[in-house]
Each structure stands twice: as C-alpha cells, then as structure tokens.
Amino acid sequence: MTKIEARTAKGMRDFLPADMLKREYVIGIVEEVFQLYGYEPLQTPILETSETLLGKYGEEAENLIYSAKHGRQRDSKVAMRYDLTVPLARVVAQYENQLTLPFKRYQIAPVFRGENPQRGRFREFYQCDADIVGVANMSADAELVSLVVTVVRRLGFDKFTVKINNRKLLTGMGQYSGVPDDQLADLYRSVDKFDKMGAKGVAAELKERGIADDVIERMLTLLQTKGEGIESLDSVEEVMGNFPIAVEAINELREMAENLKMLNVPSENYQFDFTVVRGLGYYTGPIFETVLDDGSIGSISGGGRYDDLIGIFRKNSLPTTGVSLGIERIITIMDEKNMYPANIGGTVVDVLVTVFNKEMQGASSALAQGLRNAGIRAELYMTDSRLKLGKQFNYADKKGIPIVAVMGPDEAEKSIVRLKQLSTGEEITLAQSDAAAKIREMLN
RNA sequence: GUGGAUGUAGCUCAAUGGCAGAGCACCUGAUUGUGGUUCAGGCGGUUGAGGGUUCAAGUCCCUUCAUCCACCCCA
C-alpha cells in the first residue's frame, strides 16, 4: 500500500502541545481582559450561508472566501467565515429580542481566508474580537482602544501605538482636495500604503490612477498633518471647517480623545494619524489599528465603527464598533522575542509517579489518584517494555516534568514516598498523606 | 493572481556528473532503586514527482507539485 504523505494543507497549521501551551497563555490573557471590561462570550458556526458572507468585504476580499459543500451537493450554499464581525451582525439581527442593548460580546475563534501565506499570515487563523452594539457615541470606540492597550501591555509589549483616524475625515479630505467621488476607493487604497511607500510613493500611485497633481498635493499635505494630542485635529479643522462631513469627523475624534483621557489611556500608546485607512469595506466612522513601534510586523490589531452593517440583516441598523486582535502576529513576535513566563511551555504535568514493577502498579496508581484528587496534575508512568527507574527519570527529564515521585516496595510498605525535584536533584522522603502539599510547595 | 528562493533520513544539512553521508533525534545495552554526561551498537532513503541527456544523474535539461519569502491584500 502506498503511503499518503503526511502534511497539512497550504496555510494550515498544527499546534503541538508546547505551542498550544503558549497559545493558551496568550488567549487566556486576552479573554481575561475582555471579561474585565464586561464583554460576554459568543460562539458562531464556522460555516455561514453564502448569502450572509457575500457582498460585505469588497470584491478583492470576496475572492478569498472559502466556499464549502458536501458530496451530494452540486453548488455551494455555505461558506467559511472570513471574519467574526459579519457573523456578529447576523446574530444581532437574528436574536434581537433575546439581547439587551448595548450588547458587548467577545469571540475568539478561527477564521479562513484563501490568501497566499507568508510570515505571520495563514489561511486559518484566530481572531480575537470585541464589539459593542447599540452605542453611537465615542465612549464605545474609546473603550475599545483602552481595551486593546490593556491587552497588549499585559502581554508584555510597551512600545506600541494605536493609530486612530476617521473614515469620514478621509472622505472629507478627498472632497476638499477635489478627488472625484468614484475615485475615493482608489484614493483609500493608495493612502493605505503610506507606511510602506511614503508620501512620494503615494503621490506617484495617485498620479498613475489619473488624479490631478494639485489635488494630490492638497491631499498629501492634509494627510501628513501632525501634532501633539488633539493639535493635529485643530490644524485640520482650520483648513476644512466648511466641509460638514470633515467637521463631524473631527468632532468625533475630539470626543474620543476626551474619553481616552477619562479612561487613563497612556498618551504614548495612541495618536491620531490621518493615513490610517483599513481595507474592509464596512467601516463608516472612527478606525484604529495598533502597530509596534519597532515596525517588526504589520498591524497587530485593527478595528473601527461600522454603523450600517447590521442594517443589511435588519430593517434598522444599529450603531456598532469593534476591534480585532491579530493574535497570530502577536504570537509570532512573542515567539521571536521569547516573551513568555518561564513556566509556560513544555508540559502540564506537575509530577511523574514511577512504577517499580508490575506488582507495585496498584500502589503507584493509588498514589497518583490521591494526588489528582488533591488537584496535583499527576502522570502515572506507562510502558510496554521493561520497567526501569532510570528510564522513568529520563522520560520525566525529557518532557520537562519538574518532580518525580518514586514509589517502590519500601515506600509502599511504610506509606511513604520519595519526591525528587529534577532541577536541583534534591530528594526528600515523607508520608504519602503529606505529598500533595509538599509538591504544591515545590512547584512555587 | 505576480515575482524570487528552496526541495536529499523524523529534524538541520553535506556529497567535481562516478559507492547516498554526518550531526541531532529515536531505540537497545554498559546501568535489575534515580535523569541530564560518556561509551558501544541499532533503526532510519523511490534524493518531492514525472520525463529527458549520459557508460553513469542527488548533481545537467524539460515538465509538474510543494514549501518559504516578498508583492497585491490583510490580522
């Protein structure tokens, strides 16, 4: 029989135990902070009806949506979720009578995109979303920024910035500069590359798209408006005070700034940056994304307001804003910089209980069960070959199990046990009834 | 979708067109109540796949597949 090559599909990954322990550490912090801010868990299916997913993300993104069908189906009527935001909109519309507004939910789950994988980018990846449905004012948007800052700080990052902009402001700038309405999308796409290409690169690309030189110049000057805190907002308002949509945008950002202050968000962790665009089509108001100051990877979180999305599933829309943490990128960086506590990774086992010989298996099993009942994560040694203590120690050492409990005839007879801490080689003998307490002490 | 790089043992990699190798890992023993070190031995291959050139191909040529990196886009 020919063997099937063991491999994962393109862009898909397995997480072995050592990786999973790190992921669970990161996800645990994210979830803890989400709950600290009062967000509730939600789970939705991986498969949604195609109708639910299509037409929400823009043409380019739509090409990356996986469809799914079973063997007896000719056409695919369902597709794999592309993010967690559209499913949320669906849920809100579907269960509105069971939900109390404002609805604050979080969801940590895999999503699927048929992109070409590269560093920190995969076809299946986890998103960690927190969203607020039913609040139109900026206290919601500011809370999300505060939430992101708290998560990222707790994970051990200190040099990072949440860049904040407003879709309405971009539209206003386009109108002021004289960009035709039908070219606004092109404009956004080019401006989005500001980080990589700089002002000159963006200018060149806009020119290529057929936008006039003087328009480009006005636009780029506005985009690059800089200033401490809300100063940049003042400067932009001076120029665009006559454009209602720009004024609306600026007022929203001012309101956000006030709220961020009330929430004590460290000022070095956020700034207004008018070059932030964000790709997804559904954003309508403030938008934000988080970048590490050393620029080592793309954004590690993104979000913004999408007041119209729920309206696709329901007669009246609901004001909604949300944020998504890019946990895969965060983990990529944390792996590279080894930002995990020392006790993360390796194994979950606290103690290995040895088995001296076949006759002694009962005594060892009883000890292991006793430890488990006391809350100690105990592994009972198992093998198909000859039982040898040396091999059992070797096994514990290789797996990174910190403590070995030696249980032999002498110990069984006297109801004692020998505990050995592998890191120090230190060994003590004590009553079996005291073992759990002692192990707990040795683990600290 | 576009461009570049790379595919040899489980992993990391060698091998002028001339016998497919090393290190690590794994298993066994030295060592029948104690791990990391050491020593001895063992397991392990359709050189990604298919075709071509040649007395001879891991090596050269063609095709194809896969992976990685970058672009596009995005978390």
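Chain A is the first sequence line, chain B the second, and so forth, proteins listed ahead of strands; every chain is numbered from 1.
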Visitor: Report yes if a side-chain nitrogen or oxygen of Gln118(A) is closer than 4.0 Å to either non-bridging phosphate oxygen (OP1 or OP2) of rA70(B); otherwise report no.
Guide: yes
Visitor: Output yes when at least one side-chain N/O atom of Lys420(A) is less than 4.0 Å from OP1 or OP2 of rG33(B), else no.
Guide: no
Visitor: Short of 4.0 Å, heavy atom to strand atom, which residues of residues 421-444 of chain A count as contacting RNA chain B?
Guide: Leu422(A), Gly425(A), Glu427(A)
Visitor: When the C1' atoms of rU46(B) and rG3(B) are compared, how many Å lie between them, rounded to an integer?
Guide: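 Straight-line distance between the two C1' atoms is 32 Å.
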Visitor: Kindly say whether, by distance alone, the side chain of Arg121(A) makes a donor-acceptor pair under 3.5 Å with the base of rC69(B)?
Guide: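 No, the side chain and the base share no sub-3.5 Å donor-acceptor pair.
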Visitor: Starting at atom CG of Leu389(A), determine the distance to atom P of rG36(B), rounded to an integer number of angstrom.
Guide: 13 Å
Visitor: Take the protein atom OH of Tyr381(A) and the nucleotide atom P of rG35(B), then report the distance between them rounded to whole Å.
Guide: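 It is 13 Å, rounded to the nearest whole Å.
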Visitor: Under 4.0 Å between any heavy atoms, over every strand shown, what does Phe356(A) touch: base, sugar-phosphate, or nothing? Just pick one.
Guide: base
Visitor: Other residues, nucleotides and ligands only: do more than 12 of their heavy atoms fall within 6.0 Å of NZ on Lys414(A)?
Guide: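 Check fails, neighbour count at 12 or below.
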Visitor: Taking only the C1' atom of each, what is the distance from rC24(B) to rG44(B) in whole angstrom?
Guide: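 Those two atoms are separated by 14 Å.
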Visitor: Using a cut-off of 4.0 Å on non-hydrogen atoms, how would the nucleic acid contact of Phe122(A) be classed: base, sugar-phosphate, or nothing?
Guide: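 Answer is base: heavy atoms of Phe122(A) come under 4.0 Å of a base.
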Visitor: Can you measure Arg119(A) atom CZ to rA5(B) atom P for me and round it to whole angstrom units?
Guide: 22 Å
Visitor: When the distance from OH of Tyr57(A) to C1' of rA75(B) is rounded to whole Å, what number comes out?
Guide: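 After rounding, the gap between these two atoms is 13 Å.
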Visitor: Sticking with atom C1', work out how far rA66(B) lies from rA49(B), rounded to a whole angstrom.
Guide: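 That atom pair is separated by 10 Å.
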Visitor: Using the P atom in both, what is the distance from rC13(B) to rU8(B), to the nearest Å?
Guide: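 Roughly 9 Å separates the two P atoms.
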Visitor: Please map the stems of RNA chain B, keeping only stretches of three or more Watson-Crick or G-U wobble pairs with both distances under 3.5 angstrom.
Guide: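 Consecutive-pair runs (3 or more) involving RNA chain B: B:1-7 with B:65-71, B:10-13 with B:21-24, B:26-30 with B:38-42, B:48-52 with B:60-64.
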Visitor: Would you tell me if any nitrogen or oxygen in the side chain of Lys10(A) comes within less than 4.0 Å of OP1 or OP2 on rU67(B)?
Guide: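 Checking rU67(B) against Lys10(A), a side-chain N or O does come within under 4.0 Å of OP1 or OP2.
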Visitor: Is Phe125(A) stacked on the base of rA75(B) when the test is centres under 5.5 angstrom and planes under 30 degrees?
Guide: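 Given the distance and angle limits, yes, they stack.
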Visitor: Rounded to whole angstroms, how far apart are OH on Tyr283(A) and C1' on rC74(B)?
Guide: 11 Å
Visitor: On a whole-Å scale, what distance lies between the C1' atoms belonging to rA15(B) and rA25(B)?
Guide: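 Roughly 22 Å separates the two C1' atoms.
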Visitor: Write down the distance between CG (Asn394(A)) and P (rA25(B)), rounded to a whole number of angstrom.
Guide: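 Atom CG in Asn394(A) sits about 11 Å away from atom P in rA25(B).
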Visitor: Arg13(A) has an atom CZ; how far is it from atom P of rU67(B), in whole Å?
Guide: 14 Å
Visitor: Distance check, C1' atoms only: rG17(B) and rU59(B), in whole angstrom units.
Guide: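 7 Å, rounded to whole Å.
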Visitor: Touch check for Glu124(A), heavy atoms < 4.0 angstrom, all strands: base, sugar-phosphate only, or nothing?
Guide: nothing
Visitor: Answer with base, sugar-phosphate or nothing: what part of the nucleic acid does Asn63(A) contact at a heavy-atom distance below 4.0 Å?
Guide: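 Nothing: the residue Asn63(A), judged by heavy atoms under 4.0 Å, touches no strand.
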Visitor: Using a 4.0 Å heavy-atom cut-off across all strands, classify Ser299(A) as base, sugar-phosphate, or nothing.
Guide: sugar-phosphate
Visitor: Does Lys398(A) put a side-chain nitrogen or oxygen below 4.0 Å from OP1 or OP2 of rA25(B)?
Guide: no
Visitor: In whole angstrom, give the distance that lies between atom CG of Asn116(A) and atom P of rU2(B).
Guide: 10 Å
Visitor: Distance criterion of 3.5 Å, no angle test: do you see the side chain of Arg386(A) paired donor-to-acceptor with the base of rU32(B)?
Guide: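 In this structure, the two groups form no donor-acceptor pair.
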